[in-house]
Enquirer: 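Can you keep this structure in mind? I'll have questions shortly.
Every chain is numbered from 1, with letters handed out A, B, ... down the list of sequences.
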There are 2 protein chains.
Amino acid sequence: MFLFAYSLISNYNIVMKTDNTFNLLARIHEKANKKLISSLNEYGITDLAPSHGDILAALFKKDCVTMMSIAQLIHRDKSTVTQLVKKLVKKNYVFCKDNPQDHRSSLVCLTDKGKSLKEIFQKISRELYETAYDGLTPNEIANFHQLVEKIHNNF
Amino acid sequence: MFLFAYSLISNYNIVMKTDNTFNLLARIHEKANKKLISSLNEYGITDLAPSHGDILAALFKKDCVTMMSIAQLIHRDKSTVTQLVKKLVKKNYVFCKDNPQDHRSSLVCLTDKGKSLKEIFQKISRELYETAYDGLTPNEIANFHQLVEKIHNNF
DNA sequence: AAATTATAGTTTGATATCAAACTATTATGA
DNA sequence: TCATAATAGTTTGATATCAAACTATAATTT
């Protein structure tokens, strides 16, 4: 799933003939995601969707966590995570082991193959931000971030 | 589809321990979409997804257009639009008529039921922006918009 | 201790989405 | 004019996603 569907929001705004900012946000998001997938493909990684990447990125930060934890970290539904992890296991990016503390759950851990993606992810992310922020001053970037935070906290 | 999947982008940034701005964008988008769907439900409209709303909003602006046109306006694939319009027809929000200028296509037009949604959409959109921009000065809003435009144009 | 409630993860069902392949129509080139 | 290429929309297939229902385990209450 790409990040921004061209949203209901955006077209509401077109109707209003007012602010189309959220429209642009949607576009940014979709373009960025496309760029990410495209970059991954260049590195020969063609079997991952954005949410798979989210899981891997979460595991880079903290390896061996429960599905529940992953679901919360990537803001996905439990059942979605089940399927996502299933594919990652199949592709040998992660494996699951028993959770001694709670037998209802297992711990999802990176394989060596999974771990080897970390640097690639970092490169791709850096490139993305370089693209996004090209031509923006550090002040503008900081300001953008602050505004995004404020808006985020309004919901 | 909700607007922002919690994206690959966001977690790349977590890995980098740097900017999580795109992470927040994703969150904003998802929250906004949830609010929109929730608002629609309050008005008794429970059978529309965001992309359906995008189509309706596009038709509010210009009624009776081709599927191709809709696909371009809402940034969706042709095959997606086929299915989306099919549902809107079934729910009697739109109808299709022959396009005398090109017999490969038909014109998608709003029904009266569809047209009656315009005010509701406007109200909902206004409420959304009021929420999003609560506590922001007009200057901040304008600034945000400019920055969003710059970033959008970088892709 | 036993009964009840809550929870982790899975399964099932429905849906939006894209890509590929296809068909009928249109546009272009020879 | 006829042949070829392009295009609008549809169908098919695959996938990510959420919600509801479910089961086994854990937590809480009786």
Enquirer: As an exercise, state the distance from CG of A:Leu36 to CG of A:Leu128, rounded to the nearest 0.5 Å.
Expert: 5.0 Å
Enquirer: Rounded to whole angstroms, how far apart are CD1 on A:Ile70 and P on C:dG9?
Expert: 9 Å
Enquirer: Does anything in residues 70-103 of chain A pair up under disulfide bond (SG atoms under 2.5 Å apart), and if so which pairs, sequence neighbours excluded?
Expert: none
Enquirer: What nucleic acid atoms does A:Asp102 come within less than 4.0 Å of, heavy atoms only: base, sugar-phosphate, or nothing?
Expert: sugar-phosphate
Enquirer: Would you kindly give the CG-to-C1' distance between B:Asp47 and C:dA14, to the nearest whole Å?
Expert: 14 Å
Enquirer: Using whole Å, what does the distance between atom C1' of nucleotide C:dA19 and atom CG of A:Asn41 come to?
Expert: 14 Å
Enquirer: Measure the acute angle between the ring planes of B:Phe155 and B:Phe22, then classify it against the limits of 30° and 60° as parallel, tilted or perpendicular.
Expert: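 Tilted, since the angle between the ring planes falls between 30° and 60°.
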Enquirer: Taking side-chain contact (heavy atoms from CB on, under 4.5 Å) as the definition, give me every residue that meets it alongside B:Asn153, ordered by chain and number, with sequence neighbours left out.
Expert: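 Partners of B:Asn153 under the side-chain contact (heavy atoms from CB on, under 4.5 Å) test: B:Glu149.
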Enquirer: Only distances under 3.5 Å count here; give the side-chain donor-acceptor pairs of residues 102-113 of chain B to other protein atoms, sequence neighbours excluded, each with its distance to 0.1 Å.
Expert:
| from | atom 1 | to | atom 2 | distance (Å) |
| --- | --- | --- | --- | --- |
| B:Asp102 | OD1 | B:Arg104 | N | 3.0 |
| B:Asp102 | OD1 | B:Arg104 | NE | 3.2 |
| B:Asp102 | OD2 | B:Arg104 | NE | 3.4 |
| B:Asp102 | OD2 | B:Arg104 | NH2 | 3.0 |
| B:Ser105 | OG | B:Asn99 | ND2 | 2.9 |
| B:Ser105 | OG | B:Asp102 | O | 3.2 |
| B:Thr111 | OG1 | B:Asn92 | O | 2.6 |
| B:Thr111 | OG1 | B:Tyr93 | O | 3.0 |
| B:Thr111 | OG1 | B:Lys113 | N | 3.4 |
| B:Thr111 | OG1 | B:Gly114 | N | 3.0 |
| B:Lys113 | NZ | B:Lys91 | O | 2.9 |

Enquirer: Applying ring-ring contact (aromatic ring centres under 6.0 Å, His included), can you list everything that pairs with A:Phe144, at least two apart in sequence or on another chain?
Expert: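 Applying ring-ring contact (aromatic ring centres under 6.0 Å, His included) to A:Phe144 gives B:Phe144.
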Enquirer: Under 4.0 Å between a side-chain N/O of B:Ser105 and OP1 or OP2 of D:dT7, yes or no?
Expert: no
Enquirer: Take A:Asp77 and A:Gln101, find for each the nucleotide of DNA chain D with the closest heavy atom, and name the residue whose nucleotide sits nearer the 5' end.
Expert: A:Asp77
Enquirer: List, with names and distances, any nitrogen or oxygen atoms from the protein found under 3.5 Å away from nitrogen or oxygen atoms belonging to nucleotides 4-7 of chain C.
Expert:
| from | atom 1 | to | atom 2 | distance (Å) |
| --- | --- | --- | --- | --- |
| C:dT7 | O4' | A:Arg104 | NH1 | 3.3 |
| C:dT7 | O2 | A:Arg104 | NH1 | 2.8 |

Enquirer: Is the phosphate of C:dA16 approached by B:Arg76 (side-chain N or O, under 4.0 Å from OP1 or OP2)?
Expert: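 Answer is no, no contact under 4.0 Å.
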Enquirer: Kindly write out the residues that satisfy salt bridge (Lys or Arg N to Asp or Glu O under 4.0 Å) with A:Glu140, not counting sequence neighbours, or none if the list is empty.
Expert: B:Lys150
Enquirer: What is the separation between atom NE2 on B:His75 and atom P on C:dA19, rounded to the nearest whole Å?
Expert: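 It works out to 15 Å between those atoms.
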Enquirer: Can you see if the side chain of B:His52 gets near the phosphate of C:dA16 - specifically, an N or O under 4.0 Å from OP1 or OP2?
Expert: yes
Enquirer: Closest approach to the side chain of A:Ser51, judged atom by atom: which nucleotide of D:dA16, C:dG9, D:dT17 is it?
Expert: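 Nearest nucleotide to the side chain: D:dT17.
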Enquirer: Less than 3.5 Å apart, which donor and acceptor atoms pair up between the side chains of residues 79-88 of chain A and the rest of the protein, not counting sequence neighbours?
Expert:
| from | atom 1 | to | atom 2 | distance (Å) |
| --- | --- | --- | --- | --- |
| A:Ser79 | OG | A:Asp77 | OD2 | 2.3 |
| A:Thr82 | OG1 | A:Lys78 | O | 3.1 |
| A:Lys87 | NZ | A:Asp47 | O | 3.3 |

Enquirer: Mind running a 4.0 Å heavy-atom check of residues 79-99 of chain B against DNA chain D and sending the residues that fall below it, in number order?
Expert: B:Ser79, B:Thr82, B:Gln83
Enquirer: With sequence neighbours left out, write down each residue that passes side-chain contact (heavy atoms from CB on, under 4.5 Å) with A:Ser69, or none if nothing qualifies.
Expert: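 Here the qualifying residues are A:Val65, A:Thr66, A:Leu73.
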Enquirer: Specify the separation, in whole Å, of atom CE of B:Met67 and atom P of C:dT17.
Expert: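 Distance check: B:Met67 CE to C:dT17 P gives 14 Å.
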Enquirer: Tell me: CD1 of A:Ile37 to P of D:dT15, nearest whole Å?
Expert: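 Value for this atom pair: 14 Å.
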